[in-house]
Undergrad: 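Handing you this structure, nothing more for now.
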Amino acid sequence: MCVFCKIVSGEAAARIVFQDEDVLAFHDVNPQAPTHVLVIPRRHVVSLADTEDGDTELLGKLMQCARRVAEMLDLVKSGYRVVINNGAGAGQSVFHLHVHVIGGRRMRWPPG
Ligand code: DGP
């Protein structure tokens, strides 16, 4: 079972921010900014590239959850970044789809 599936099942601990029947949001164990939360589907999906046309609702829920997390953690006024690393070449290291919500510091562009 992948590490994020273990968080979904409760087998592994995480600092959970929000959850409902489809998605889960929790603090990243290796934060890249003062606030760094991961939003994941409960269902194991390897990456964005592994989603299908029928996953529109799930992808929408991930984005809605990212927005909600940003509101809950007071990132709206200062701004925040939403990132999906797709594939090892783009920096994906956990192969369970996740959306990074990063904020609390000034963001640079382009990302490294
Ligand atoms: P990515 O590199 O895009 O696949 O991001 C994976 C993120 O997951 C990375 O920022 C570290 C985080 N992470 C890895 N393992 C765990 C864990 O067991 N718990 C938590 N909370 N975060 C984890």
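In what follows, every heavy atom counts, from backbone to side chain, and hydrogens, waters and symmetry copies are set aside. This is a predicted model, so every value here is computed, not measured. First listed ligand is number 1; within each ligand, the first listed atom is number 1. Numbers here simply count residues along the sequence, with the first being 1.
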Undergrad: What are the atoms of ligand 1, with element, lying closer than 4.0 Å to any heavy atom of Phe26?
TA: 20 (C), 21 (N)

Undergrad: State if His100 counts as touching ligand 1 under the rule of any non-hydrogen atom under 4.0 Å.
TA: yes

Undergrad: Quick one: look at Val83 and ligand 1, take heavy-atom pairs under 4.0 Å, and tell me if it's side chain, backbone, both or neither.
TA: neither

Undergrad: Does Ile7 reach ligand 1 with a nitrogen or oxygen that is under 3.5 Å from one of the ligand's nitrogen or oxygen atoms?
TA: no

Undergrad: Return yes or no for this condition: an N or O of His36 is under 3.5 Å from an N or O of ligand 1.
TA: no

Undergrad: When you measure from the heavy atoms of Phe95 to every atom of ligand 1, does any distance fall below 4.0 Å?
TA: no

Undergrad: Purely on distance, is any nitrogen or oxygen of Asn85 under 3.5 Å from one on ligand 1?
TA: yes

Undergrad: Nearest heavy-atom pair of Gly104 and Leu75: which atoms, and what distance?
TA: N-CD2, 3.9 Å

Undergrad: In the protein, what heavy atom is nearest to atom 2 (O) of ligand 1, and what distance, to one decimal place, separates them?
TA: Gly91 O, 2.7 Å

Undergrad: Measure the distance from atom 7 (C) of ligand 1 to every protein heavy atom, then report the residue, atom name and distance (to 0.1 Å) of the closest one.
TA: Asp28 OD2, 3.4 Å

Undergrad: Who's the nearest protein heavy-atom neighbour of atom 4 (O) of ligand 1, and how far?
TA: Ser93 N, 2.6 Å

Undergrad: List for me each residue that meets ring-ring contact (aromatic ring centres under 6.0 Å, His included) alongside His44, sequence neighbours excluded, and say none if there are none.
TA: His96

Undergrad: Is there a donor-acceptor pair closer than 3.5 Å between any side-chain N or O of Arg15 and the backbone N or O of Val37?
TA: no

Undergrad: Are Val39 and Val46 connected into the same hydrophobic cluster when the rule is that any two of I, L, V, M, F, W, Y join if their side-chain heavy atoms are below 4.5 Å apart?
TA: no

Undergrad: Salt-bridged, Asp55 to Arg43, with N to O below 4.0 Å?
TA: yes

Undergrad: Within this structure, what is the NE2-CG distance for the pair His98 and Leu38, rounded to the nearest 0.5 Å?
TA: 6.0 Å

Undergrad: May I ask you to decide if His36's main-chain N or O and Asp28's side chain share a donor-acceptor pair within less than 3.5 Å?
TA: no

Undergrad: Considering distance alone, does some N or O of His27 sit under 3.5 Å from an N or O of ligand 1?
TA: yes

Undergrad: Do Thr51 and Leu59 have side chains that approach each other closer than 4.5 Å (heavy atoms only, starting at C-beta)?
TA: yes

Undergrad: His98: heavy atom below 4.0 Å from ligand 1, yes or no?
TA: yes

Undergrad: Do any heavy atoms of Ala14 fall under 4.0 Å from ligand 1?
TA: no

Undergrad: Do me a favour and list the nearest non-hydrogen protein atom to atom 18 (O) of ligand 1 with residue, atom name and distance?
TA: Val3 CG2, 3.3 Å

Undergrad: Between Arg105 (side chain only) and Gln32 (backbone N and O only), is there a donor and an acceptor less than 3.5 Å apart?
TA: yes

Undergrad: Looking at ligand 1, does Ile84 have a heavy atom less than 4.0 Å from it?
TA: no

Undergrad: Please determine if Val94 has a nitrogen or oxygen closer than 3.5 Å to a nitrogen or oxygen of ligand 1.
TA: yes

Undergrad: Please find the pair of heavy atoms, one from Thr35 and one from Leu73, that lie closest to each other, and give the distance.
TA: CG2-CD1, 3.7 Å

Undergrad: For the pair Gln92 (side chain) and Val94 (backbone), establish whether a donor and an acceptor sit closer than 3.5 Å, ignoring hydrogens and angles.
TA: yes

Undergrad: Applying a heavy-atom cut-off of 4.0 Å, say which part of Val29 lies close to ligand 1: side chain, backbone, both or neither.
TA: both

